[in-house]
Amino acid sequence: MFKAGIFDLDDTLYNYKNVNKIALGELRKYTCKVLSINEELFDEAFKYGRDSTKEGLEEYAAGHNRMIYCQKTLEFLGVNPTSYALEMYEVYWNSILENMKLNDGVIELFEYFKNNEIKIAICTDLTTHIQHRKLRKLGIDKYIDCIVTSEEAGAEKPNIRMFNLCIEKLGISSCEAFYVGDSFKKDIVGANNAGILPIWYTNIGLNESIEKSEFEYKRIDKLVQVKEYINNS
């Protein structure tokens, strides 16, 4: 019997891609209004801000830091970043938090784990502060036994340090845990390298082509299917 389930957060427990699109729209609207610029110029500046932040920081949580994105966006535009960067950051993340919704089956699954004394961990890239805010806003913080972020681990998935830190915090061996995530490269490969059973949560239909791999992994398109796999293991 498994003693713990480790979960990715973004695009696994909620749909990040959709809310990110909404949040970028709100950020664009705010910035264009306060700076009296057009959308094309904003998009060019924000792309610079995002890309230049990621350059050299892609393996670290700082590569995702929207505060730095906003600062560099303003620098590209020749605007003092101390005047608007904080407001831009808040516009973006407030929109994310306001529009987030749990994916179907999360509460049912977490209730099942708690009733069966299976611990729950979150293993997620990005900065610690905002990931904690997301867990609170989604209303699942009470289910979580521990969290590991790439900011804390000093490396991003699939680096084995993140997965090993989860195992250490849970106080179990890697073979006693399973991992659920949406990214094959980051989540599934990383979990396998750490000796954790990988479960790939993907919107690709189960009858469609799948990622080829030299190792064994499970694949689901509904989170509640996790119960079936762990009960049959």
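- Ring centers of Phe42 and Phe76: at least 6.0 Å apart, outside the cut-off.
- Judged by distance alone, the side chains of Asp8 and Tyr179 never bring a donor and an acceptor atom under 3.5 Å apart.
- Side chains of Lys157 and Ser150 form no contact here, defined as non-hydrogen atoms less than 4.5 Å apart.
- With salt bridges taken as basic N to acidic carboxylate O contacts below 4.0 Å, one links Glu108 and Lys227.
- Between the side chains of Asp10 and Tyr14, at least one donor-acceptor pair of N or O atoms lies under 3.5 Å.
- A salt bridge does not link Glu44 to Lys47: none of the charged side-chain nitrogens sits closer than 4.0 Å to a carboxylate oxygen.
- Val224 and Phe7 fall into different hydrophobic clusters, where Ile, Leu, Val, Met, Phe, Trp and Tyr are joined by side-chain heavy atoms under 4.5 Å apart, directly or via other members.
- Looking only at side-chain heavy atoms (C-beta outward), Lys54 and Tyr69 come within less than 4.5 Å of each other.
- At a threshold of 4.0 Å, the pair Glu152-Lys169 counts as salt-bridged, since one of the basic side-chain nitrogens sits closer than that to a carboxylate oxygen.
- Here the side chain of Ser95 pairs no donor or acceptor atom with the backbone of Val91 at under 3.5 angstrom.
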List the steps and the verdict of side-chain contact (heavy atoms from CB on, under 4.5 Å) for Phe113 and Val226. CA-CA 11 Å; Phe113 292 153; Val226 173; 4.0 Å; yes

Please list every donor-acceptor pair under 3.5 Å in which a side-chain atom of residues 141-148 meets a protein atom from a residue at least two apart or in another chain.
unit_1 : atom_1 : unit_2 : atom_2 : d
Tyr143 : OH     : Glu111 : OE2    : 2.6
Asp145 : OD1    : Lys114 : NZ     : 3.3
Asp145 : OD2    : Lys114 : NZ     : 3.0
Asp145 : OD2    : Ile120 : N      : 2.8

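- At least one donor-acceptor pair closer than 3.5 Å links the side chain of Arg161 to the backbone N or O of Gly154.
- Glu151 and Thr127 share no side-chain donor-acceptor pair at under 3.5 Å.
- Glu98 and Asn94 form no side-chain donor-acceptor contact under 3.5 Å, judged by distance and modelled atom types alone.
- You'll find the side chain of Val180 stays beyond 4.5 Å of the side chain of Ile6, heavy atoms only.
- Exactly one of Thr202, Asp187, Asp182 qualifies for a side chain to side chain donor-acceptor pair (under 3.5 Å) with Thr12. That residue is Asp182.
- Side chain to side chain, Glu55 and Ser52 fail the donor-acceptor criterion of an N or O pair below 3.5 Å.
- Phe184 has its ring centre less than 6.0 Å from the ring centre of Tyr217.
- No side-chain donor from either of Tyr201 and Lys222 sits under 3.5 Å from a side-chain acceptor of the other.
- A continuous path of ILVMFWY side-chain contacts below 4.5 Å connects Leu74 to Leu86, so both sit in one hydrophobic cluster.
- Ion pairing of Glu216 with Lys218 is present here, as a side-chain N (NZ or NE/NH1/NH2) and a carboxylate O approach within less than 4.0 Å.
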